[in-house]
Amino acid sequence: MSKDNKDEKLQMIRHSMAHVMAEAVLQIFPEGKVAIGPAIDNGFYYDFDLPRSLKEDDLEDISQRMQAIIKEGRTFERSVVSRDEALNQFKDQPYKVELIKELPEGEDISVYSQGEFADLCRGPHVEGTNKLNAQSFKLLSIAGAYWRGDEKRPMLQRIYGTAWTNPKDLRMYLQQLEELEKRDHRKVGRELDLFSTHEEAGPGLVYWHPKGARIRVAIEDFWREEHRNNGYEFLFTPHVGKSWLWETSGHLDFYAEGMYPEMVMDKANYYAKPMNCPFHIMIYKTNKHSYRDLPFRWAELGTVYRYEKSGTLHGLMRVRGFTQDDAHIFCTPDQVEDEILEVLRFSLHMLRSFGFTDIQAYLSTMPEKAVGDPAQWTLAEESLRKAIEAEGLEYDVDEGGGAFYGPKIDLKVKDALGRSWQLSTVQFDFNEPERFKMSFTDRDGEEKRPYMIHRALLGSLERFFGVLIEHYGGAFPVWLAPMQIMVIPVAPAFEEYAEKVYSRLKKAGFRVEFDDSDDRMNAKIRNAQAQKIPYMLILGEKEAEAEAVSLRLRNGKQENGIPLEDFVARVEKAVQEKADL
RNA sequence: GCCAGAAUAGCUCAGGGGUAGAGCAACGCUCUCGUAAAGCGUAGGUCGUGAGUUCAAAUCUCACUUCUGGCUCCA
């Protein structure tokens, strides 16, 4: 069977499972209202409006009822009904009635029934429950979900489940979930002592511990070096600014909800910055600029603060204070195409350097409500499209999905577990240059608006760090590892030689530690392993005599009797090449 | 912000209307050791915060805070 066929079959199974679950839930709550229940990646869900809140215990009951229904060997029967018939049949189901009323005139209204339970549904479904396996599904969780995703509509109860063709696939999926849990950056972050957040000090605000900061410094050092190589200048700007900035940029009109509230001082209102751009624009406006000066590529690791709704905060992935690896490019119209191509190349180079090789692009174009001249939009969109194609990237287009101020490319990477993360973004801005009345003097002596491009390659350092932690499961490649080498003497008698090796490695600039605790060697190895340190050096009599080291890698492999200087060269090479080990 | 769940020692967790428990970690002592946990001991908690019920609250109730799973949001 081809992959597509297989996927289609799984979709049908999952969707059918959702119907079976709906029937099971209605057995318990005959007066319950059903909303929608589609198949999703790895499973299905169904939304209900029920007289009471579901509890975890209910899932077991529902599961058993589902198994019973499956074993009854029902068939899924499709029937086509008129609108009136449908309205009549579902008159006790207000959510279905709403859906029926919205179905376009002339379209078939189909109903699938499986014995007692019938559901408005486009289908398709498997022929009968004999195609479902009572042992290869699992109900996973209960969640709240707004009807039609609208926060003004009723909150429904959603049950998520996963379903597969056979119990083995289910087991594999559940194992994958466990793996995900093991790699969770919040868990790894605590185990490796990388970062913390504090209830008393403010939710969504990240504290980078020494070991986490080592990784950040490695990232930032690389980031600066690459920006220097790519023709960027660096800026530093303040963290707060007077309301004038945000009134002018327009953020106070359309983004005030996302900002930390004002601070009043000396009869002026200050705001913590949610964006760096107005600050960069202030620097631009300090001088008059000629077309000969452009382009400017100005980068800043700019820390911004945004009020994210409390329920949306999540570890490092969604926070209230974060540092963007931000840059703004100001250029003339005829520079746009080259600049965009360069930015995209740079972006890909950065992401690949961190081990992300599976990258997809998303192009978002002009929405209905937009500022700026359509000709500008066209030039911008074309430059984005050309760049993506020049780099041979797979891409999707979200027609009309751009922000009102300009089109953009987002890059998403797939991590080691196949999950997608949006990291890079390249966005045109036709709004702020206008509002801040930016200009440059063109060849013909006229004052013209520069093009402005926002771009972030890693997104935010916090989020990027979170993604990195999960991508590597905490086992960072040598160049990023907070502790690269652990020196472990076999016994206290060999501490002198171990000390010597330690000094040599320290001198070479490596992040090396010396475990001189009272633990036995075995315990030291275990501790180093738990910290996912790439290299463990086991040093005893043999090594001391030969000026050598015995190397244990965190993947369990061993190499004994490596001359010390060879090991130094080897680590230098791994760091240089950004290799795993 | 909304729905649901959770909060007990640094960490992982047990317990539960009548003075708080384990393992790991920490600290001290002993052991001097060749590739994933040596042994013994010591210390450590107003049971998230505030209020209420009760003779008595960590336990029951309410509010709040934070976290978790979702929804929404992410111009």
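Naming: A, B, ... by sequence-line order, numbering from 1 per chain.
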| query | What is the nucleic acid contact for A:K55, judged by heavy atoms within less than 4.0 Å: base, sugar-phosphate only, or nothing? | reply | nothing

| query | Side chains of A:H239 and A:T303: is there a donor and an acceptor less than 3.5 Å apart? | reply | no

| Does a side chain donor of either A:D47 or A:W147 reach within less than 3.5 Å of an acceptor in the other side chain? | no

| query | If we take the C1' atom in both B:C33 and B:G39, what is their distance in whole Å? | reply | 13 Å

| task | Establish, with yes or no, whether the OP1 or OP2 oxygen of B:G69 is under 4.0 angstrom from a side-chain nitrogen or oxygen of A:R186. | result | yes

| remark: Side-chain contact check for A:R318: nearest option of B:U35, B:C33, B:C74 is B:C74

| query | What nucleotide among B:A36, B:G70, B:C67 has an atom nearest to a side-chain atom of A:A143? | reply | B:G70

| remark: From CZ of A:R158 across to P of B:C3 the rounded distance in Å is 16 Å

| note | Of A:H185, A:R183, A:K182, A:K187, the one forming a side-chain hydrogen bond (donor to acceptor under 3.5 Å, both in side chains) with A:E470 is A:H185

| said: Categorize A:G149 for me: base, sugar-phosphate, or nothing, with a 4.0 angstrom heavy-atom threshold over every strand shown. | reply: sugar-phosphate

| field | Among B:C73, B:U66, B:U35, the nucleotide that comes nearest once only the side chain of A:I538 is considered | value | B:U35

| said: Quick check on B:C11: is either OP1 or OP2 less than 4.0 Å from any side-chain nitrogen or oxygen of A:R190? | reply: no

| query | Within the structure, does a side-chain N or O atom of A:Y45 lie under 4.0 Å from either OP1 or OP2 of B:G70? | reply | no

| query | Any idea which of B:A38, B:U65, B:U35 is nearest the A:E199 side chain? | reply | B:U65

| request: Could you tell me whether the side chains of A:Q157 and A:D49 share a donor-acceptor contact shorter than 3.5 Å? | output: no

| P spacing across the pair B:C13 / B:A56, given as an integer number of angstrom | 35 Å

| N/O (side chain, A:H314) to phosphate O (OP1/OP2, B:G70) under 4.0 Å | no

| note | Separation of B:C24 atom C1' from A:Q531 atom CD, nearest Å, is 14 Å

| task | Sticking with atom P, work out how far B:A14 lies from B:U19, rounded to a whole angstrom. | result | 22 Å

| query | Is NZ or CZ of A:K273 both nearer than 6.0 Å to the six-membered ring centre of A:F279 and within 45° of the ring axis? | reply | yes

| Distance between C1' atoms of B:U65 and B:C31 (Å, rounded) | 49 Å

| Base-pairing assignment for B:U53 (Watson-Crick or G-U wobble, both under 3.5 Å) | none

| message | We want to know whether A:R526 and A:N522 form a side-chain donor-acceptor pair, criterion being a heavy-atom distance below 3.5 angstrom. | response | no

| task | Output the single nucleotide from B:G34, B:C71, B:C67 whose closest atom is nearest the side chain of A:P203. | result | B:C67

| remark: When rounded to whole Å, the CZ to P distance for the pair A:R320 and B:C73 reads 18 Å

| said: With a cut-off of less than 4.0 Å, is there a side-chain N or O of A:R520 near OP1 or OP2 of B:U35? | reply: no

| field | Partner nucleotide of B:A7 by Watson-Crick or wobble geometry (both distances under 3.5 Å) | value | B:U65

| remark: By the Watson-Crick or G-U definition, both distances under 3.5 Å, B:C74 is matched with none

| message | Just the rounded figure in Å: distance from C1' of B:U35 to CD of A:E559. | response | 14 Å

| request: Between B:U72, B:C71, B:U35, spot the one nearest the side chain of A:M155, thanks. | output: B:C71

| Who does B:C27 pair with, Watson-Crick or G-U, both distances under 3.5 Å? | B:G41

| Atom C1', compared across B:U30 and B:A36: separation rounded to whole Å | 24 Å

| task | Could you state the atom-to-atom distance from CG of A:D184 to C1' of B:C11 in whole Å? | result | 15 Å

| Looking at B:G69, B:C71, B:U35, which one has an atom nearest to any side-chain atom of A:T312? | B:C71

| query | Roughly how far apart, to the nearest Å, are B:G48 and B:G10 at atom P? | reply | 12 Å

| Same-atom distance (C1') from B:G17 to B:U53, integer angstrom | 12 Å

| field | Phosphate OP1/OP2 of B:G70 contacted by A:S141 side-chain N/O (<4.0 Å) | value | no

| remark: Closest of B:U35, B:A37, B:G70 to the A:Y160 side chain is B:G70

| field | Side-chain H-bond candidate by donor/acceptor type, A:Q64 with A:E60, under 3.5 Å | value | yes

